Amino acid sequence: MDRLRTSLADVVGPSHVLVDPELTASYETDWTGRFTGRAAAVVRPGSPGEVAAVMALLHEAGRPVVPQGGNTGLVGGGVPLHGEVVVSLRRLAAIDEVDVAAGQVTVGAGATAAAVDDAAARVGLAFGVDLAARQSATVGGMVATNAGGLRMLRYGGMRAQTAGVEAVLADGRLVSHLGGLTKDNTGYDLAGLLAGSEGTLAVVTRVQLRLVPRLEHRTTGLLAFADPEAALEALIGLRRRLPGLLEAAELFLADGVRLVCDHLGIPPPFGRIDPVYLLVEAAGVSDPTEELAAAVIEVVGDRALDGAVDAEPTGRARLWRYREAHTEAINAAGVPVKLDVTLPAGELAAFLAEAPVTVERVAPGARCILFGHAGDGNVHVNVLGVAGGSGVSPDMTDARPVEDAVLRLAAGRGGSISSEHGIGAAKRPWLHLNRSPAEIEVFRAIKRALDPDGILNPHVLLPEEDARTGALG
Ligand code: MLT
Ligand code: ZN
């Protein structure tokens, strides 16, 4: 490693090859604190050319690599659980001038979601993907995980925003297709392939993003319900009644709100804790408040126990924090097992009822908090009070029964075991619940074609036996 370290330092400069545990620590543990490892080194290239040179060196040395962005991933896909070298892309944060005519911008993989949105705002545009981790999550990581977030309902996820990509292959070759043409049928869609590849196929260095119109007029509504069925029926009505206006539809429950209120020291909505909440946001070129309020009266009516609609930024933020503070409130209460699943629309209410019962059966006394993006059928199942998980050290396997039961429950109802967080290290043993042997064989063939030596994130996404086919150095 010493000679390799010197060669890496020749490329990126000695201050960007970190081996001191104090300096590497923040790159070695994920945001939840559940996934932690030791990096052989952390390398911080400052340009796509440096990424290419770094990868060429690591490839020659046969060193496994974990590419890392803002380290906000939640499935252990961006931390060195097996002593890999971390290649941090955070220094690639440049944002080119926005191409107003095309409604696009090319950004470095290390640019954060918030920085991209700020740049877009300066010309009246917006970044179509928004998520609570916006200040830290980087575009490269968001492409690699095909991030979804809060506006998926209206604009789709990262794959839909990605007009072009530049990436470095495992052996250091740079591939780039940043033309950004709306119509461009010239072969395989590399950007589409890399979206959701979780760092296993290439290291994303630059991304050409599609931007969306910036809608300055927005109104947020928070509605309380007695049960999930009532909330979901109300959502169906609102979606039909407000086509093209609804931007977010988030669902959360009493337990989560209790946790948020305790954590932030704030009173519950409407002065009491209700069983189910639906938060909706409408956005348009003119003020959507009246339309949203009318829709709530017409299609929700007395299905709701209570409700509030607010168009003022502070009032909207006050409503949003009951939803957005879930993640930090849960983490403040302990290290959660996080399972991010999608259900078909017709199965969502049944899953919300069954998940806590299932968790209680396999982990009596554990706390199950459910929230998510109701408009996408996406439920975030967070379980507190369980020691470890399949991605952490082998002796901490208490979470396995919980993971197994919840993922099987979702898949059994026709759902996906990974809605937006990815498979990562956490869910690879269950990939077969959603993907057939033939599909996994195709995945493996693609992996071999792009990374024949298996050095790129070898312990992520594909089941274990596939990862072992690579020379791990
Ligand atoms: C969210 O929707 O808030 C994110 O996916 C984060 C989380 O699941 O905790
Ligand atoms: Zn989410």
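Hydrogens, waters and symmetry mates play no part in the numbers below; they use all other heavy atoms, side chains included. Please read these numbers as outputs of a predicted model, since none were measured by experiment. Ligands are counted one by one from 1 in listed order, and the atoms in each one are counted from 1 as well.
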Task: Heavy-atom nearest neighbour in the protein, as seen from atom 8 (O) of ligand 1, with distance rounded to 0.1 Å - done: His421 CE1, 3.1 Å

Open item on the list: Can you tell me if, anywhere in Glu420, an N/O/S atom lies at a distance from the Zn ion (ligand 2) that is smaller than 2.8 Å?
Closed with: yes

TODO: Determine the minimum heavy-atom distance between Ser26 and Asn71, stating which atoms define it.
DONE: O-ND2, 3.1 Å

Open item on the list: Contact between ligand 1 and Glu324 is defined here as a heavy atom of the residue under 4.0 Å from a ligand atom; is it met?
Closed with: no

Open item on the list: Give me the nearest non-hydrogen protein atom to atom 1 (C) of ligand 1 as residue plus atom name, then the distance to 0.1 Å.
Closed with: Arg323 NH2, 3.4 Å

Task: Min heavy-atom dist His326 to ligand 1 below 4.0 Å - done: no

Open item on the list: Checking His177 against Gln208 for the side chain to side chain donor-acceptor pair (under 3.5 Å) test, could you report, in this order, the C-alpha distance in whole Å, the side-chain angles of both residues, the deciding distance, and whether it holds?
Closed with: CA-CA 9 Å; His177 196 68; Gln208 187 151 12; over 6 Å; no

Open item on the list: With a 6.0 Å cut-off on the ring centroids, do His421 and His380 count as close?
Closed with: yes

- [ ] Answer yes if the side chains of Arg90 and Tyr27 hold a donor-acceptor pair under 3.5 Å, and no otherwise.
- [x] no

Open item on the list: I'd like to know: is the Zn ion (ligand 2) within the 2.8 Å range of an N/O/S atom from His373, strictly under that distance?
Closed with: yes

Open item on the list: What protein heavy atom lies closest to atom 7 (C) of ligand 1? Include the residue and the distance to one decimal.
Closed with: Thr327 OG1, 3.4 Å

Task: Exercise: do Glu28 and Thr24 side chains pair donor with acceptor under 3.5 Å - done: yes

Task: Heavy atom of Leu74, distance to ligand 1 below 4.0 Å - done: yes

- [ ] Look at ligand 1 and say whether Glu250 reaches it with a heavy atom at a distance under 4.0 Å.
- [x] no

